[in-house]
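Down below is the structure, laid out as structure tokens.
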Amino acid sequence: MAASVLEQGEDAFRKLFRFYKRRNPPPDFSNVLDFSKPETHFGKVFTTDLSTSAVSDNAAHKCGLHPVRKWKAFSLDGYPGFIFITNPFLPGSQRYWVKQCLKTYTQKPNICNLDMHMPQAETENLWEKSLPGMRLKDSVKRAPKTLLEKLRWVTLGYHYNWDTKTYSADRYTPFPNDLHALSEKVAAVCGFQNFSAEAGILNYYHFDSSLGIHVDESELDHSQPLLSFSFGHSAIFLLGGLSREDPVTPMFMHSGDIIIMSGLSRLVYHAVPQIVMCTNSHPVPQSLAEEFRNENTEDSIVQTVSKDDWKICEEYMRTSRINMTVRQVLKIGTVFPSEASNKRTVKGQSDAYYDDHEENGTSEIKRKKDV
Ligand code: OGA
Ligand code: MN
């Protein structure tokens with residue numbers, strides 16, 4: 001039985017989440033929107049105009065992006081403020097962001113899920129520590145798992161506190177300049193000229209991982225968008241409404257695709273029930289297999305990934321998906337509420353949510369509002 005695209009009513013979201021999470025037998029994907037084939041979704045999917053003049057061709061190129069006039073962007077009936085941009089990355093440049101997520105952003109002082117279980121000395125340089133294991137060819141029989149394979153999330157900038165569900169001034173390290181620049185360009189073409197990337201949550205999905213139903217509401221300025229970048233194997237994204245009972249729309253996210261949640265779609269429920277492995281002859285999706293066509297200039301932000309580094313990344317990406325979500329936390333020109341009032345607000349939540357993000361024996365990256 002196919003799940004209805006717009007299933008409604010109590011627990012509709014949970015039902016649909018379970019439907020699309022199933023692997024054996026796999027669910028019927030015929031109701032899943034595919035923005036790379038927009039013509040098949042007549043009446044639901046509309047092309048949307050971007051501010052092509054907000055980012056010059058040169059600025060886009062430095063971030064590894066096609067000129068904005070070549071991007072394809074879509075809106076979705078019933079979801080004002082939701083924008084879907086199909087892979088705007090230049091050939092080869094997705095590889096740079098994948099390498100950053102695995103090799104650079106995993107370095108201290110950034111925080112990752114492994115820090116919750118291990119002393120810092122053991123989680124330092126996890127790329128280097130994983131190299132010997134990742135170089136072994138037979139990934140199925142490889143044991144024990146490398147730290148890279150145990151990685152589930154990394155936080156950047158204002159480090160999200162999973163216990164209190166808050167950001168705070170005292171958990172901050174500089175946000176990476178390259179990802180800040182990329183985010184600024186993407187936000188600007190969507191009409192958000194003042195967006196400033198202040199917090200990032202990077203999600204690392206093994207092919208059998210999922211992300212529970214949740215709303216991203218901890219940021220203090222909801223007038224700014226949430227940006228989400230997908231790399232690697234495709235995934236099903238479930239887009240709901242402001243209430244759990246609202247209709248839910250399933251869609252594919254492919255490597256390079258960008259989702260912008262803003263306006264009335266900034267605080268909607270969403271989830272990732274399943275990673276859908278590509279079945280072509282390449283070990284990784286086609287757009288990740290592409291190499292740079294022309295060399296980057298000196299002042300490029302995106303640089304060519306070395307052959308050695310890409311070998312490790314490619315091995316990792318054979319079975320994985322990486323998602324970078326970027327948020328602005330504070331209203332421009334404002335500061336966090338005082339520590340005292342912050343503590344009062346979050347009192348009592350810590351215990352209830354404590355286990356949500358712990359490694360729990362299943363591969364669900366549970367968090368926030370749980371399924
Ligand atoms: C998130 C999120 C979705 C994804 O990190 O809040 O919703 O595509 N990620 O992985
Ligand atoms: Mn989210």
Side-chain angles (χ1 to χ4, degrees), residues 13 16-17 20-21 32-35 76 79 81-87 94 97-98 101 105 110-113 151-162 165-167 179 183 186 197-219 222 224-242 244 248-262 265-276 285 317 320-329 353 356-357 363-371:
F13 207 139
L16 220 60
F17 184 90
Y20 284 110
K21 190 178 157 84
V32 182
L33 296 184
D34 193 338
F35 288 90
L76 195 54
Y79 298 90
F82 176 86
I83 304 173
F84 194 107
I85 300 171
T86 53
N87 179 20
Q94 285 185 47
W97 299 106
V98 168
C101 287
Y105 302 151
N110 296 334
I111 300 172
C112 70
N113 63 305
L151 186 66
R152 287 295 169 266
W153 53 261
V154 166
T155 52
L156 310 171
Y158 286 116
H159 299 279
Y160 188 64
N161 183 329
W162 306 89
K165 301 178 83 192
T166 59
Y167 301 95
L179 185 53
S183 305
V186 170
E198 294 176 329
I201 298 180
L202 314 176
N203 296 298
Y204 300 79
Y205 294 80
H206 190 58
F207 71 87
D208 59 359
S209 310
S210 55
L211 178 66
I213 305 168
H214 68 277
V215 173
D216 294 284
E217 59 192 354
S218 302
E219 296 74 25
H222 295 151
Q224 292 292 346
L226 195 141
L227 313 183
S228 163
F229 302 85
S230 290
F231 301 111
H233 287 292
S234 302
I236 306 276
F237 186 72
L238 298 180
L239 182 69
L242 296 170
R244 278 281 278 257
V248 176
T249 304
M251 63 190 76
F252 284 110
M253 295 180 287
H254 301 303
S255 198
D257 289 347
I258 305 175
I259 284 178
I260 293 94
M261 289 163 75
S262 70
S265 296
R266 173 64 180 75
L267 295 173
V268 298
Y269 282 93
H270 56 282
V272 181
Q274 178 161 184
I275 306 302
V276 187
M317 295 308 280
S320 310
R321 167 178 184 262
I322 296 179
N323 165 253
M324 313 192 292
T325 60
V326 179
R327 305 115 193 273
Q328 179 171 326
V329 175
Y353 288 92
D356 278 10
H357 59 277
S363 43
E364 191 163 324
I365 310 173
K366 285 188 179 178
R367 65 171 207 251
K368 302 168 199 166
K369 289 187 179 157
D370 201 0
V371 210

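One-based numbering, in listed order, for ligands and for the atoms of each.
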request  = Would you kindly specify which portion of L226 sits under 4.0 Å from ligand 1, judged on non-hydrogen atoms: side chain, backbone, both or neither?
outcome  = neither
ask   = Should you measure from each heavy atom of M253, which atoms of ligand 1 turn up under 4.0 Å away?
value = 8 (O)
message = Contact between N323 and S228 at the side-chain level, heavy atoms closer than 4.5 Å - yes or no?
response = yes
key: Sub-4.0 Å atoms of ligand 1 with respect to non-hydrogen atoms of H270   = 7 (O)
Nearest neighbour of atom 5 (O) of ligand 1 from the list L238, N203, D216, L202, on a heavy-atom basis = N203
message = Under 4.0 Å from a heavy atom of V272: which atoms of ligand 1 are those, numbered in the order shown and with their elements?
response = 3 (C), 4 (C), 8 (O), 10 (O)
inquiry  = With heavy-atom distances below 4.5 Å as the criterion, would you say the side chains of F229 and V186 are in contact?
reply    = yes
remark   = If we number the atoms of ligand 1 from 1 as shown, the ones under 4.0 Å from a heavy atom of R321 are 4 (C), 8 (O), 10 (O)
ask   = Between S230 and F237, is any pair of side-chain heavy atoms under 4.5 Å apart?
value = no
ask   = Side-chain contact, heavy-atom cut-off 4.5 Å: H206 with R152?
value = yes
ask   = Of all the atoms in ligand 1, which lie at a distance below 4.0 Å from a heavy atom belonging to R327?
value = 1 (C), 5 (O), 6 (O)
inquiry  = Just to check, does M324 reach to within less than 4.0 Å of ligand 1 when the distance is taken from its heavy atoms?
reply    = no
inquiry  = To make sure I understand the geometry: which N, O or S atom in D216 is closest to the Mn ion (ligand 2)?
reply    = OD2
query = Does the side chain to side chain contact (heavy atoms under 4.5 Å, CB included) test come out yes or no for M261 and L267, once each step is laid out?
reply = CA-CA 8 Å; M261 289 163 75; L267 295 173; over 6 Å; no
message = If I take atom NE2 from residue H270 and atom CG from residue L211, how far apart are they, to the nearest 0.5 angstrom?
response = 7.0 Å
request  = Evaluate the ring planes of F35 and F84, with Trp represented by its six-membered ring, and classify them as parallel (under 30°), tilted (30 to 60°) or perpendicular (over 60°).
outcome  = parallel
